[in-house]
Amino acid sequence: MLIIDCHCHAGRGDGLTGPWDTDAPLRPYLAWADEAGIARTVLFAAFHSDYAVANRQVARLVHQHPERFYGFAFVHAQRDRGRVLAMVRTAVEEYGFVGIKLHRYDARISREVCDVARAFRLPVLYDVVGETSVVDLLATQYPDVNFIIPHLGSFSDDWRAQTALIDYLVRCPNIYTDTSGVRRFDILQRAVERAGPAKFLFGSDGPWLHPGVELSKISALHLGPEDARQVLAGNLLRLIGRVRPDVGEGARHRVAVVAEPLSNAWRDPWLIGKE
């Protein structure tokens with residue numbers, strides 16, 4: 001049975017805050033993946049101050065082993081504001097990438113990113129860091145864009161966020177999740193039972209988490225053969241199978257770009273002036 005890991009970082013970051021922006025070496029990951037029988041992997045960059053540079057690192061890895069790796073373009077919704085289309089166009093047309101990755105740790109997702117994903121028909125893997133309320137907005141504003149919310153909504157084991165995401169998985173046709181880093185197995189089991197295996201993608205969050213250990217959770221779900229095929233590879237292949245590699249110059253007019261950068265500090269607009 002084909003197994004694809006939909007969530008693995010690769011390459012060097014240019015910060016020294018922690019492993020996530022320092023280095024994501026593939027050598028140990030690949031040994032573990034081989035041992036676990038994982039045939040293919042989606043790669044995206046480690047955290048970086050310039051994702052155009054980081055994406056080129058990932059592109060070199062994908063180019064070296066195109067039979068093994070898929071690439072997702074990492075973008076920063078604020079810092080890359082105004083150039084997301086150009087970055088993604090390069091990633092899709094030159095590098096052969098098949099998705100977009102962004103993280104709430106950097107900035108909240110923007111219309112620009114979603115409009116670019118829509119233009120290229122790319123899935124968006126967006127780590128919401130527990131802010132699952134945005135999923136309702138993404139699902140309703142962009143029903144034709146598929147969003148993968150990793151870690152069942154929270155890598156930090158926020159069970160409230162994870163249980164909230166289950167409802168979105170059930171209600172929203174374009175919302176998916178991956179299984180990487182989900183430690184509360186009872187919540188993962190409940191999520192699959194309620195939303196169904198068609199909403200789940202196997203992921204490891206390598207190279208820092210062991211892909212074999214993460215894969216064992218899928219085995220523990222005791223899925224039937226067809227359901228297991230969906231989770232382990234089929235769902236990802238279906239999502240990336242919609243990619244449109246050349247959207248033409250007209251895409252520039254379909255992408256919403258606001259000149260003023262958004263503040264990363266969130267405030268409820270209804271409370272401004274009342275605080």
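- Closest non-hydrogen pair, Pro123 versus Leu239, comes out as CD-O, 3.9 Å.
- No side-chain N or O of Tyr168 forms a donor-acceptor pair with one of Thr177 less than 3.5 Å apart.
- Using a 4.5 Å heavy-atom cutoff, the side chains of Met87 and Asn55 are in contact.
- At a threshold of 4.5 Å between non-hydrogen side-chain atoms, the residues Leu125 and Phe147 do not count as touching.
- The hydrophobic clustering, which links ILVMFWY residues whose side-chain heavy atoms are closer than 4.5 Å, places Leu2 and Phe202 together.
- The pair Glu67-Arg40 does not meet the salt-bridge criterion, since no charged nitrogen lies less than 4.0 angstrom from a carboxylate oxygen.
- With Leu232 as reference, Leu215 is the one residue of Leu201, Ile38, Leu215, Ile4 to meet the side-chain contact (heavy atoms from CB on, under 4.5 Å) rule.
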Open item on the list: Between Asp178 and Ser180, is the side chain to side chain donor-acceptor pair (under 3.5 Å) condition met? List the steps.
Closed with: CA-CA 6 Å; Asp178 79 27; Ser180 64; 2.7 Å; yes

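- Side-chain contact between Phe120 and Ile100 is absent, with no heavy-atom pair separated by less than 4.5 Å.
- Between Ala164 and Thr132 the shortest heavy-atom distance is CB-OG1, 3.7 Å.
- When the shell of 6.0 Å around CD of Glu193 is examined, it contains more than 12 heavy atoms from other residues, nucleotides or ligands.
- Not a single donor-acceptor pair under 3.5 Å links the side chain of Asp115 to the backbone N or O of Ser110.
- Within the 3.5 Å criterion, the main-chain N or O of Ala77 finds no donor-acceptor partner in the side chain of Glu112.
- Residues Leu237 and Ile218 share a single hydrophobic cluster, defined by chaining ILVMFWY side chains whose heavy atoms lie under 4.5 Å apart.
- Arg83 and Tyr51 share no donor-acceptor pair across their side chains, judged by distance under 3.5 Å alone.
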Task: Residue pair His103, Phe47: steps toward the ring pair (Phe, Tyr, Trp, His ring centres under 6.0 Å) verdict - done: CA-CA 9 Å; His103 203 289; Phe47 287 97; 5.0 Å; yes

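- In this structure, Ala46 and Arg12 approach most closely via the heavy-atom pair CB-C, 4.5 Å.
- Between the OH atom in Tyr105 and the OG1 atom in Thr17 there is a gap of 5.0 Å [rounded to 0.5 Å].
- Closest non-hydrogen pair, Pro207 versus Pro25, comes out as CB-O, 3.2 Å.
- Checked for salt-bridge contact, Asp144 and Arg121 miss the test: no charged N lies under 4.0 Å from a carboxylate O.
- With hydrophobic clusters built from ILVMFWY side chains whose heavy atoms lie under 4.5 angstrom apart, Met1 shares a cluster with Val192.
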- [ ] Could you give me the CA-CA distance, side-chain angles and deciding distance for Arg79 and Asp50, then say whether salt bridge (Lys or Arg N to Asp or Glu O under 4.0 Å) is met?
- [x] CA-CA 9 Å; Arg79 195 173 56 225; Asp50 187 342; over 6 Å; no

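- Distance check, rounded to the nearest 0.5 Å: CG of Leu26 to CD of Gln64 gives 10.0 Å.
- Looking at Val42 and Asp5, their side chains never come closer than 4.5 Å, going by heavy atoms from C-beta outward.
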Open item on the list: Could you walk me through whether Asp157 and Arg184 satisfy the side-chain contact (heavy atoms from CB on, under 4.5 Å) test, starting with their C-alpha distance in whole Å, then the side-chain angles of each, then the deciding distance to 0.1 Å, before giving a yes or no?
Closed with: CA-CA 7 Å; Asp157 203 25; Arg184 283 285 303 272; 3.3 Å; yes

Task: Pair Arg56-Tyr95, side-chain contact (heavy atoms from CB on, under 4.5 Å): steps then yes or no - done: CA-CA 8 Å; Arg56 282 198 294 271; Tyr95 305 158; 2.8 Å; yes

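- Between Ile187 and Ile166, the closest side-chain pair of non-hydrogen atoms falls below 4.5 Å.
- The pair Asp136-Arg171 meets the salt-bridge criterion, since a charged nitrogen lies less than 4.0 angstrom from a carboxylate oxygen.
- Glu214 is not listed as a side-chain neighbour of His210, based on a closest heavy-atom distance of 4.5 Å or more.
- Taking NE2 from His7 and OG1 from Thr179, the interatomic distance works out to 10.0 Å, rounded to the nearest 0.5 Å.
- Under a cutoff of 6.0 Å and an axis angle of 45°, Lys101 and Phe72 do not form a cation-pi pair.
- Minimum interatomic distance between Leu221 and Gln189 (heavy atoms only, all atoms of both residues): CD2-CA, 3.9 Å.
- Cluster membership for Val243 and Val145, using ILVMFWY side-chain heavy atoms within less than 4.5 angstrom, is shared.
- Put simply, the side chain of Thr22 gets close to the backbone of Gly15: a donor and an acceptor are under 3.5 Å apart.
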Task: Candidate pair His76 and His48, rule ring pair (Phe, Tyr, Trp, His ring centres under 6.0 Å), full reasoning - done: CA-CA 9 Å; His76 190 298; His48 202 283; over 10 Å; no

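- With rounding to the nearest 0.5 angstrom, the CG atom of Asn235 is 10.0 Å from the SG atom of Cys6.
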Task: Evaluation steps, ring pair (Phe, Tyr, Trp, His ring centres under 6.0 Å), between Phe97 and Tyr70 - done: CA-CA 6 Å; Phe97 284 10; Tyr70 303 96; over 10 Å; no

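- There is a path of hydrophobic side-chain contacts, each under 4.5 Å, that joins Leu30 to Val58.
- Classification of Asp34 and Arg68 as a salt-bridged pair holds, one side-chain N sitting under 4.0 Å from a carboxylate O.
- Annotation: the span from Cys172 atom SG to Asn146 atom CG amounts to 12.0 Å, rounded to 0.5 Å.
- Contact of the Tyr29 side chain with the Ser204 side chain is registered, since non-hydrogen atoms from C-beta on lie closer than 4.5 Å.
- Rounded to the nearest 0.5 Å, atoms CD1 (Ile175) and CD1 (Ile148) are 10.0 Å apart.
- The shortest distance between side-chain heavy atoms of Val88 and Leu85 does not fall below 4.5 Å.
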TODO: Using the side-chain contact (heavy atoms from CB on, under 4.5 Å) rule, take Gln78 and Arg108 through it: C-alpha gap first, then chi angles, then the decisive distance, then the call.
DONE: CA-CA 8 Å; Gln78 281 193 39; Arg108 288 182 174 88; over 6 Å; no

Open item on the list: What verdict does the side chain to side chain donor-acceptor pair (under 3.5 Å) test give for Tyr142 and Arg111, after you've listed the backbone C-alpha separation in whole Å, the side-chain angles of each residue and the deciding distance to 0.1 Å?
Closed with: CA-CA 9 Å; Tyr142 291 90; Arg111 278 196 178 274; 3.1 Å; yes

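- For His9 and Phe44, the distance between ring centers is under 6.0 angstrom.
- For the pair Arg183 and Phe155, the cation-pi test (distance below 6.0 Å, angle within 45°) is passed.
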TODO: Carefully, step by step, assess Val113 and Val75 under the rule side-chain contact (heavy atoms from CB on, under 4.5 Å).
DONE: CA-CA 8 Å; Val113 173; Val75 299; 4.1 Å; yes

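- Closest heavy-atom contact between Leu61 and Gly11: CD1-N, 4.5 Å.
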